[in-house]
Structure formats: structure tokens, C-alpha cells
Q: 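Before I ask anything, let me first share the structure, which is written out below as C-alpha cells.
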Amino acid sequence: MTHTCDSAWLERFPELEMLIPSTALQARVQQLGEQITRDYCMHPPLLVGVLKGSLVFLADLMRAIPLPVAYDFVAVSSYGDETYSTGQVRLIKDLDSPIRDRHVLLVEDIYDTGLTLEYLLGQLRQRQPASLRVCALLSKPARHQVPIELAYCGFEIPDRFVVGYGLDYAERYRNLPFIAVLNTV
Ligand code: IMP
């Protein structure tokens, strides 16, 4: 069911089609937080967010993990058009601190082809963290090109271009409190 707050957004953006309402998103993020809290209670993780897409998810997720976690960010650029990456990934912002012997949980907005995650996991693994796992809000199984093990996954979604809750199209729509399909793409 579409929440009334979501409806106000949809009226303003007729190109959007609701996929995951904000109430469902929030409930799932809480569940992921509980799962992560149970799994990491003996060794609180460093949450590593991938800018910019994971920002909103990470902000909600960390507040659902009542453990002494820290967070840091990486940013990558991929050469490609505005909707899909070409797989040429480059690190444009590195972590602030070393991660050797730390328990790292990489937090990503979406596992699409998996090329970004594969690249980042390779980069981070070289630094010898105590553990390295992935939490992705969304996964598009129809688009996967490389296998990535997701320790935590919010939702599997169909092969549609989605925006909102951090995800953008040409920097727009990141501030939607829900995930929607962008019909013009
Ligand atoms: P990859 O193809 O798994 O490497 O995903 C690369 C990046 O493309 C993701 O981190 C997202 O930022 C972006 N992306 C992939 N699919 C979508 C989508 O449906 N909407 C918005 N961004 C997307």
C-alpha cells in the first residue's frame, strides 16, 4: 500500500511508478539492522558506504544497529551513460583510515551488474580486513554479470531502472523516501 506521504511525491512526479513504499523500506531496513546487530555483536563492524547512492540507506541502517559501529565512505566513478555503467570502475575517494584487522561491512545501494562491488571487494580485500561482507539494499538478478555473495540483501527487484532513497537519474530523485521505477528511461 502506498503511504500518504509517498502519494504527495507521486503527484508531483508523474513519471514515477511506485515499487517499494517508504513503510516497506523502513521495515526491511530495521530487519537488516537487527540481523547485523545479532551477527556482529561480538565485533562491531566498520560500515563502508559507497557514495553517493548508499548514503540514505546507510544513514537509516546504522541507526538500526545499536552497537558501537563506525562508518566511512568510498566513492567510485564509472564511465558510462547516465543510466547504466560500462564496468570501467575507478576509486575517486578512498577510505579515511586503514582497515587491516577490522570487520568491514560494505554497504551498497544496488547489486546491478556487480562490477562495482567486484572492484571494491578486490580493493578492500588487499588491505587484509579481519572480515569483509556486503550489504546491498537492492539486487537485480536479471542484470548480474559477476557473482557477488550478499551477506544481507534488502529486496530483489525486476530489471527496471529505479530511483529514490539515494538512487538517482542524472543526480535527481535521490531524496525520494521510497523506491520507484522511472518510466521515462
Ligand atoms: P553495477 O552495475 O552493479 O556495478 O552498479 C553500478 C552502479 O550503477 C550502482 O552502484 C548504482 O549507483 C548504479 N545503478 C545500477 N542500477 C541502477 C538503477 O536501477 N537506478 C539507479 N542507479 C543504478
Side-chain angles (χ1 to χ4, degrees), residues 2 6 9-10 12-22 24-26 28-29 32 46-62 71-95 104-126 132-185:
T2 301
D6 295 350
W9 289 81
L10 292 172
R12 288 198 171 81
F13 298 99
E15 68 277 26
L16 301 179
E17 185 188 323
M18 175 59 74
L19 186 65
I20 309 172
S22 54
L25 263 181
Q26 293 301 330
R28 186 69 185 121
V29 172
L32 292 174
L46 171 70
L47 304 174
V48 172
V50 185
L51 292 173
K52 300 175 190 174
S54 75
L55 177 87
V56 181
F57 176 42
L58 179 62
D60 283 343
L61 183 67
M62 66 181 160
Y71 66 87
D72 202 344
F73 291 102
V74 288
V76 291
S77 79
S78 54
Y79 308 93
D81 63 28
E82 287 163 319
T83 52
Y84 287 109
S85 72
T86 55
Q88 301 280 331
V89 188
R90 192 167 57 101
L91 199 61
I92 54 172
K93 187 231 169 285
D94 205 342
L95 295 171
V104 174
L105 183 59
L106 187 60
V107 179
E108 177 59 308
D109 54 0
I110 186 165
Y111 169 16
D112 186 41
T113 63
L115 293 164
T116 305
L117 280 168
E118 182 185 49
Y119 170 81
L120 283 172
L121 287 170
Q123 290 285 319
L124 299 181
R125 208 172 282 125
Q126 283 174 15
L132 177 60
R133 302 169 86 192
V134 181
C135 173
L137 176 67
L138 306 173
S139 172
K140 265 190 215 171
R143 301 236 332 138
H144 295 174
Q145 283 178 28
V146 287
I148 302 286
E149 189 187 334
L150 297 184
Y152 310 94
C153 175
F155 300 89
E156 288 198 346
I157 61 167
D159 184 10
R160 309 286 301 278
F161 191 81
V162 294
V163 292
Y165 203 66
L167 290 136
D168 75 311
Y169 173 66
E171 295 301 326
R172 287 189 62 202
Y173 305 111
R174 290 194 198 275
N175 58 326
L176 303 173
F178 51 86
I179 302 280
V181 171
L182 180 59
N183 273 323
T184 47
V185 173

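Just follow the structure's listing: the first ligand is 1, and inside any ligand the first atom is 1. Every value quoted in this text rests on a predicted model; they were computed, and no experiment measured them.
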Q: Nearest 0.5 Å, please: how far is CG in Leu167 from OH in Tyr173?
A: 13.0 Å

Q: Could you list which atoms of ligand 1 come closer than 4.0 Å to a heavy atom of Thr116?
A: 1 (P), 4 (O), 5 (O), 6 (C)

Q: Check ligand 1 against Glu108 and write out every atom of the ligand that is under 4.0 Å from a heavy-atom position of the residue.
A: 10 (O)

Q: Check ligand 1 against Gly114 and write out every atom of the ligand that is under 4.0 Å from a heavy-atom position of the residue.
A: 1 (P), 2 (O), 3 (O)

Q: How many angstroms lie between OG1 in Thr184 and CZ in Phe13, if you round to the nearest 0.5 Å?
A: 12.0 Å

Q: As a check for students: among Thr113, Ile157, Val89, identify the option with a heavy atom nearest to atom 1 (P) of ligand 1.
A: Thr113

Q: Run the side chain to side chain contact (heavy atoms under 4.5 Å, CB included) test on Leu16 and Leu176 for me, step by step, so that the C-alpha distance in whole Å, both residues' side-chain angles and the decisive distance to 0.1 Å come before the verdict.
A: CA-CA 11 Å; Leu16 301 179; Leu176 303 173; 3.6 Å; yes

Q: Give a yes/no on ligand 1: does Lys52 have at least one heavy atom closer than 4.0 angstrom to it?
A: no

Q: Can you tell me if Leu138 has a non-hydrogen atom under 4.0 Å from ligand 1?
A: no

Q: Looking at ligand 1, is there an atom of it that comes within less than 4.0 Å of some heavy atom belonging to His144?
A: no

Q: Within the 4.0 Å heavy-atom shell around Asp109, which atoms of ligand 1 are there?
A: 9 (C), 10 (O), 11 (C), 12 (O)

Q: Nearest to atom 18 (C) of ligand 1 by heavy atom, Tyr169, Phe161, Tyr119, Tyr173: which?
A: Phe161

Q: Using a strict 4.0 Å cut-off to heavy atoms of Arg160, name the atoms of ligand 1 that fall inside it.
A: 19 (O)

Q: Within this structure, what is the CD1-CG distance for the pair Ile110 and Leu117, rounded to the nearest 0.5 Å?
A: 10.5 Å

Q: Could you work out, for atom 9 (C) of ligand 1, the closest of Val146, Leu19, Ile110 by heavy-atom distance?
A: Ile110

Q: Show the nearest heavy-atom pair for residues Tyr165 and Leu137, with the distance to one decimal.
A: CD2-CD2, 3.5 Å

Q: For Lys140, counting its heavy atoms only, list the atoms of ligand 1 lying under 4.0 Å from any of them.
A: 16 (N), 17 (C), 18 (C), 19 (O)

Q: Compute the minimum heavy-atom distance from Leu115 to ligand 1 and say whether it is under 4.0 Å.
A: yes

Q: May I ask you to list the atoms of ligand 1 that are less than 4.0 angstrom from any heavy atom of Asp168?
A: 21 (C)

Q: Between Leu167, Ile179, Val181, flag the one that comes closest to atom 22 (N) of ligand 1 by a heavy atom.
A: Leu167

